[in-house]
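Scope of the values below: all heavy atoms of this structure, side chains included, with no hydrogens, waters or symmetry mates. Just so you know, residue 1 is the first one in the sequence shown, and it goes up from there.
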Amino acid sequence: MFKIQKGASRDLVGFLRVLSDGTILRSPGPVFCPSTFPGEHPSVEWKEAVYDKAKNLHVRMYKPSPSAGGGGGGKLPVLVYFHGGGFCLGSCTWANVHSFCLRLAADAGDAAGFLHWLRERSVDDGDSDGDGWLAEAADFGRVFVTGDSAGGTIAHHLAVRAGSAAAPNLAGGEPDDPVTIQGYILLMPFFGGVVRTPSEAECPADVFLNLDLFDRFWRLSLPAGATRDHPMANPFGPDSPALDGVELPPVLVIAGGLDMLRDRAVDYAERLSAMGKPVELAEFAGEHHGFFTLGPGSDAAGELIAAVARFVRNTCVVDLAKRAPLMSSSSSSPAPAPPHVVEDCLGIVQLLSDGTVTRSDDYSSISLMCNVPTDLPVQWKDVVYDAGRGLRLRMYAPTSHSGEEGKLPVLVYFHGGGFCIASFELPNFHAGALRLAGELPAVVLSANYRLAPEHRLPAAHDDAESVLSWLRGHAAASASASASADPWLAALADFDRVFVCGDSCGGNIAHHLTIGCGSGKIELDPARLVGCVMLWPYFGGEEKMPSEAPPPEGDASSSAMSIVLFDQMWRLALPAGATRDHPAANPFGPESPPLNGVVFPPVLIVDPEQDVLRDRVADYAARMEAMGKRVELVKFEGQGHGFFVLDPMSEASGELVRVVRRFQQQQPYVVEDCRGALQLLSDGTIVRAAAPPFHVRLDIDDGRVEWKDAVYDAAHGLGVRMYKPAATGEAEKEEEKLPVVVYFHGGGFCIGSCTWPNFHAGCLRLAAELPAVVLSFDYRLAPEHRLPAAHEDTATALLWLRDQILSDPWLADAADTRQVFVSGESAGGNFAHHLAVRFGAAGLDPVRIAGYILLMPAFISEKRTRSELATPATAFLTRDMCDRYCRLALPAGADKDHPLVNPFGPASRSLEAADVGRMLVVAADGDLLRDKNVEYAEKMKAMGKDVELVVFAGEEHAFFGVKPMSGATGELVEVIRRFIGGGDGAAAANIEEEAMAPAAEPYVVEDCRGAVQLMSDGTVRRSAEPAFHVDLPDDADAAVEWKDVTYDAEHDLNARLYRPRHLGAANDARVPVVAYFHGGGFCIGSGRWPNFHAWCLRLAAELPAVVLSFDYRLAPEHRLPAAQEDGATAMAWVRDNAARDPWLADAADFSRVFVAGDSAGGNITHHMAVRFGKTGLGPHVRLRGHVLLMPAMAGEARTRAELECRPGAFLTAEMSDRYARLILPDGATRDYPVLNPAGPEAPGLEAVAMAPALVVAAEHDILRDRNEHYARRMKEEWGKEVVFVDFAGEQHGFFEVDPWSERADELVRLIRKFVVEHMNSE
């Protein structure tokens, strides 16, 4: 078996450590023992006992003391409590557990083995003293089993065991049994699952229970080889027993709003409720996992104990086996009443005392339309926007609009109903949406969401965010003309004009969505939110507004649309324990986030005159307006709350539609947006953000550099920020003076300022590290001042410098007039070129310009370059953004070949005779402008100009301005320093060297991890060294032998064969065969690379199996489908050598062959599965299954995982695109069926007989969504047997980056399980 490397260990919060040799070390003391945990309670007495001597298991018992009334008023219920600790930590003696149990006893009034012990003690206490310590106080007819975290999981399993018909007796199993379990209380139960929940995926690393600790607990506690879907961890896992037939007494589930296990607890309660089980869910907003044991004396712990006490009091005695309940012989109490209605909301939804919720389809308490108009020119359809929760929306579009006359705005509509009732299917909401779609006109998306009290807030808000995420995906798909885009939206929707709208609680939702978009929490790009429409929004607060006064007693209005109803709905909708000042209800409550800094689009608020919420709505509008938000408040006289919904065809409703239409049509919307810093609106208004879009450290101004601001052009209000090293201020000697760097910032000619923190930081660094005097000039920005205004300003800046360099003492003391360098980045680099053409090397006496420094200069043309075409949508500077800057900056009517942006365009003047002096041109390898920058340098060199070109590998556009403190910027500063120090002699040497050179050296066009490089002349360079290095333990191949063979002599392709050492001719046992194809984007890699070699060693030893690791031809020398053809050749070799090669024949069972591969190899595996099916390799070779590990797949439409790729990921979208450019046949797109086997151009596979497949994805892999889509289509559409497993928290290829990791262990166990289950399947 494989061994973990020496020194590896698993550590649990310092208390438990598992060493690599299996040794377990435990700390002698508890983890939690602060002095704030009381060891005693004045009204509780306690003692310890042993309940299992063989296993030395203890119980600590607590009861109210007689002095506190314990036992004086009848016997007390019994709480059986199991502590938490992930099944690995904890004890009933730990201070936090002890303290919490003290408080439970005072205020609330091996697990199966303990219940048997308890039953015995209910008859005879068992104390040697015979004092009856338990019997005198405990009512064993009212036993409740409870536990926190792992203890909550134990409580669940005890409930299932006791409630199963075939279960052995635990308690209450016989007619004379004195112990009856009345209920179970699960406090933040410790459930698991392979698929991450949202609360797990979003869990921060610095909380008490984080994802890493959670996974570690499960690895240590589950049976060897088990996953988190084991029935002990996941009550609803694939192998878990069904709970429908299990009889359960009432169950109370406690969840923490900030607990990473929150979603699992809520899902558990919801599933039990759906099965008809008596379950109650209480969620404690703002609380983390285990809050009551970490702070047993806290107010929150007190609220929890009160909830437990209420549950115990209210729970009726239920005989699970249909027998009469048995009470303790020493006390009897009447059976509690059956569950009763606690809240009744309009007769539509009722909350019962046991937590059950009943719903009615009878909406007679609300005036519903009987006949929805059928003659409106609107079409509609229902679509699913969240398949996981079964949530739909209804899409409406005018039938008279084809899209040719211009696309329509999108109105995302959320219905009202106090978060508790209603649906878009109700006739009134349907009719209202029909009218809005037809008369605005607009594409209307009317969305359902989860309702309370089954799903308390923020569930509805979360669902609304999912609607926008869904819309964003379709906007992106429509922009790329992907087949996945909804055809109605692609044809009709103007995604640049999205409005969120809602009535009542839907207006509340619209408010929260607007905050999410304005704060950046919700990403909507490429769609744009341009307005918010709130119809009588449902807000609340503890302090009543005048209009919210309760109606007089007997007033008929108290039964409909009154404050009484609204308060009831808040009780049902808000998180358990929350008040109406909760941020979900009160936008200005004490805990609500400030809205001053949130960017809001224009807001329309409709406030009916007779609405009881009118004062609160008006107050909301006034406060928003006071913050500078653009708010329009429209009052409707004579109308009440919800008038549009109650009668959508009325004249008042018609007027409302006209108000919304006017707001929609007159409201300027964003036409162009530049990083949020600049927006051009449809009415020509230009909006500039006060804050820059880039943020850098503010602690870099450390005193090494002094700086000041000045005005260089008063007429245009243009300033300059001047920097110089502090130590040079007193220098008087000429030789001590410093070079001067004139710097022009970037920003596409449209945004930026020398005062922006990122540009300020960069100039501080230049001044300190060159060292130099740095002058950073502003200039007029487009579109207010289109080009050539900025070029004129930069010339004015140099003329100002000429006049000031000797007259300004601040400059004259430090600046060397003979060493002036003109520089700039992006747009600033463009200026540097034009200044070089205008002033050349002569400069402006007394200023001598010694050189020009062009950093990623903004040059462009109408004809796309290769680097432009290859730029991914995730790049810092994209094609769309570059085109947008050009539209905003160029003179009206000009195209991208204008001489100001294309120095070699058809209308540009010749530069042959221009004396431009020395030049340094810096390009970035990952920049859209890369090819233009390189072309510029090469053409200038060809004209005999003194130009030096430096290309920064791995960097994107404007890395100096965006990341001024990065290591790459440090290298750039060093390049500039060397250039400045070069002088005329170095320049002359360079010119001479260039003149002798017959041609420019080929440069790198594409680079794949340094292992393969495509050069500008078409040649391919491959490194002799592998891209990945892993250390092999000394005994890595102790259990495996291997050899290399050639399987395709024509193409010189090899395979490495592995087999377990214990197999051979003397052993009749044969093991399955795994044909394995390595990853590497089809461009790099070999089975001989150490990481792939290590992985195959593991598979051979631990499955065990004979592993055949095949190489294949690589791109770009051999583009697709060469690799797939080689895969077929490899499988044919397997067929032909099954019996020929004794080394294989002695060990391998070729009737049990599995094909596997990672990344590119996973893609090859798919094609082998399709090509050979189950029997395509002949009668003696049988394919039993396929294992696709993060298979390489692509597509033209971006997935969410690709758009949200984390910086520094092992596989980025940019890298994936680079591979695609190198591997695809000429003219092919990423939807090429070989690369996108589940894409729009791929053939259907319904008729192909394929063996079962295991598809493994990684949560943080950009391929994750594609892998899931592939697995789902294979299973649901094409009917294949597919298992999909998502490895939470992992990146692409995690098991090959570290083949010895714990997660690699899990993956090996998963593959072994799949192989064992399918190696004999038919």
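- Smallest separation of non-hydrogen atoms from Arg580 and Glu542: N-OE2, 3.0 Å.
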Check: After noting the C-alpha distance and the side-chain angles of Arg658 and Glu439, does the key distance pass the salt bridge (charged side-chain N to carboxylate O under 4.0 Å, His left out) rule?
Finding: CA-CA 8 Å; Arg658 289 189 285 274; Glu439 297 181 26; 5.7 Å; no
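- No side-chain heavy atom of Leu393 sits less than 4.5 Å from a side-chain heavy atom of Asn448.
- Electrostatic pairing of Lys521 and Glu465 counts as a salt bridge here, judged by a charged N lying under 4.0 Å from a carboxylate O.
- Contact check for Trp470 versus Val383: side-chain heavy atoms found under the 4.5 Å cut-off.
- Between the side chains of Asp362 and Ser364, at least one donor N or O sits under 3.5 Å from an acceptor N or O.
- Salt bridge Asp486/Lys381: present, at least one basic N to carboxylate O contact under 4.0 Å.
- No donor-acceptor distance shorter than 3.5 angstrom exists from the side chain of Ser423 to the backbone of Leu426, with no hydrogens or angles considered.
- Within the 3.5 Å criterion, the main-chain N or O of His474 finds a donor-acceptor partner in the side chain of Ser478.
- Here Tyr538 and His641 keep their ring centres 6.0 angstrom or further from each other.
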Note to self: If you apply the rule salt bridge (charged side-chain N to carboxylate O under 4.0 Å, His left out), what do you find for Asp567 with Arg571, and how did you get there?
What the structure shows: CA-CA 6 Å; Asp567 286 351; Arg571 290 195 300 273; 5.7 Å; no
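- Asp462 and Tyr449 form no side-chain donor-acceptor contact under 3.5 Å, judged by distance and modelled atom types alone.
- Within the model, atoms CD of Gln379 and OH of Tyr396 stand 12.5 Å from one another, a figure rounded to the nearest 0.5 Å.
- Aromatic rings of His511 and Tyr620 (six-membered ring for Trp) have centroids within the 6.0 Å cut-off, being under it.
- Looking only at atom types and distance, the side chain of Arg1200 has a donor-acceptor partner in the side chain of Ser469 under 3.5 Å away.
- A 4.5 Å side-chain heavy-atom check between Val410 and Phe499 finds every atom pair outside the cut-off.
- Between the side chain of Asp382 and the main chain of Arg394, no donor-acceptor pair closer than 3.5 Å is present.
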Next item on the list: Determine, stepwise, if the pair Phe284 / Leu258 fulfils side-chain contact (heavy atoms from CB on, under 4.5 Å).
Entry: CA-CA 9 Å; Phe284 278 71; Leu258 299 180; over 6 Å; no
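- Across all non-hydrogen atoms, the minimal contact from Gly418 to Ala573 is O-CB, 4.0 Å.
- Side chains of Val467 and Asp463 form no contact here, defined as non-hydrogen atoms less than 4.5 Å apart.
- For the pair Asn428/Phe644, no side-chain contact is recorded, criterion being any heavy-atom separation below 4.5 Å from C-beta on.
- Under 3.5 Å, the side chains of Gln350 and Glu343 contain no donor-acceptor pair of N or O atoms.
- Of all the heavy atoms in Gly417 and Cys505, the pair that sits closest is N-SG, 3.6 Å.
- Heavy-atom minimum distance, Leu678 versus Ile751: CB-CG2, 3.7 Å.
- Remark: side-chain polar atoms of Thr399 are paired, donor with acceptor, to backbone N or O of Pro377 under 3.5 angstrom.
- Ser653 places a side-chain N or O within donor-acceptor distance of the main-chain N or O of Asp647, the cut-off being under 3.5 Å.
- Note that the CD1 atom of Ile348 and the CD1 atom of Ile421 stand 4.0 Å from one another [nearest 0.5 Å].
- Considering CZ of Arg456 and CG of Leu572, their distance stands at 6.5 Å, rounded to 0.5 Å.
- Under a 3.5 Å cut-off, the side chain of Ser199 and the backbone N or O of Met260 do form a donor-acceptor pair.
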Next item on the list: Verify salt bridge (charged side-chain N to carboxylate O under 4.0 Å, His left out) between Glu454 and Arg359, making sure each step is shown before the conclusion.
Entry: CA-CA 11 Å; Glu454 302 96 318; Arg359 286 191 175 274; 2.8 Å; yes
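- Scanning all heavy atoms of the two residues, the minimum distance from Phe429 to Ala422 falls at CE1-CB, 3.5 Å.
- For an aromatic pair to be called close, the ring centres must be under 6.0 Å apart, and Phe424 with His415 fails this.
- Remark: side-chain polar atoms of Glu523 are paired, donor with acceptor, to backbone N or O of Asp525 under 3.5 angstrom.
- Salt-bridge annotation for Asp611 and Arg614: absent, with no side-chain N of the basic residue lying under 4.0 Å from a carboxylate O of the acidic one.
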Ignoring hydrogens and angles, write down the donor-acceptor pairs under 3.5 Å from the side chains of residues 588-607, residues two or more places apart or on other chains.
unit_1 : atom_1 : unit_2 : atom_2 : d
Ser592 : OG     : Asn586 : O      : 2.5
Ser592 : OG     : Gly589 : N      : 3.2
Asp607 : OD2    : Lys635 : NZ     : 3.0

Next item on the list: May I have the step-by-step check of side-chain contact (heavy atoms from CB on, under 4.5 Å) for Phe539 and Val617, ending in yes or no?
Entry: CA-CA 8 Å; Phe539 295 132; Val617 172; 5.5 Å; no
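- Side chain of Thr1199 to backbone of Asp1265: no donor-acceptor contact under 3.5 angstrom is found.
- In this structure, Glu632 pairs ionically with Arg662, as a charged nitrogen and a carboxylate oxygen lie closer than 4.0 Å.
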Next item on the list: Take Leu492 and Lys407, measure what side-chain contact (heavy atoms from CB on, under 4.5 Å) needs, and give me the verdict at the end.
Entry: CA-CA 5 Å; Leu492 299 175; Lys407 294 191 175 183; 5.9 Å; no
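- Counting heavy atoms from C-beta outward, Gln664 and Leu440 have side chains that approach closer than 4.5 Å.
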Item checked: Glu425 and Arg392: CA distance, side-chain angles, deciding distance, salt bridge (charged side-chain N to carboxylate O under 4.0 Å, His left out) verdict -> CA-CA 10 Å; Glu425 295 175 311; Arg392 298 176 297 138; 2.9 Å; yes
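- No donor-acceptor distance shorter than 3.5 angstrom exists from the side chain of Ser273 to the backbone of Ala269, with no hydrogens or angles considered.
- Not one N or O on the side chain of Ser504 forms a donor-acceptor pair closer than 3.5 Å with the backbone of Pro537.
- Within the 4.5 Å cutoff, no side-chain heavy atoms of Arg435 are placed close to those of Pro648.
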Margin query: I'd like to know whether Cys345 forms a side-chain contact (heavy atoms from CB on, under 4.5 Å) with Leu565, so could you lay out the CA-CA distance, the side-chain angles of the two residues, the decisive distance to 0.1 Å, and finally the verdict.
Written below: CA-CA 7 Å; Cys345 185; Leu565 174 64; 4.0 Å; yes
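- Taken from NE2 in His288 to SG in Cys203, the straight-line distance is 8.5 Å, to the nearest 0.5 Å.
- Atom CG of Asp386 and atom CZ of Arg450 lie 7.5 Å apart (nearest 0.5 Å).
- The aromatic rings of Trp380 and His430 stand perpendicular to each other, their planes meeting at an angle above 60°, with 30° marking the opposite boundary.
- A pairwise comparison of heavy atoms in Pro575 and His582 identifies CG-NE2, 3.8 Å as the closest pair.
- Taking 4.5 Å as the limit, some side-chain heavy atom of His455 sits within range of a side-chain heavy atom of Glu270.
- Taking the side-chain contact (heavy atoms from CB on, under 4.5 Å) definition, one finds that Glu548 meets it with Lys544, Met545, Ile563, Leu613, Arg616, sequence neighbours left out.
- Distance check, rounded to the nearest 0.5 Å: SG of Cys750 to CG of Leu888 gives 4.5 Å.
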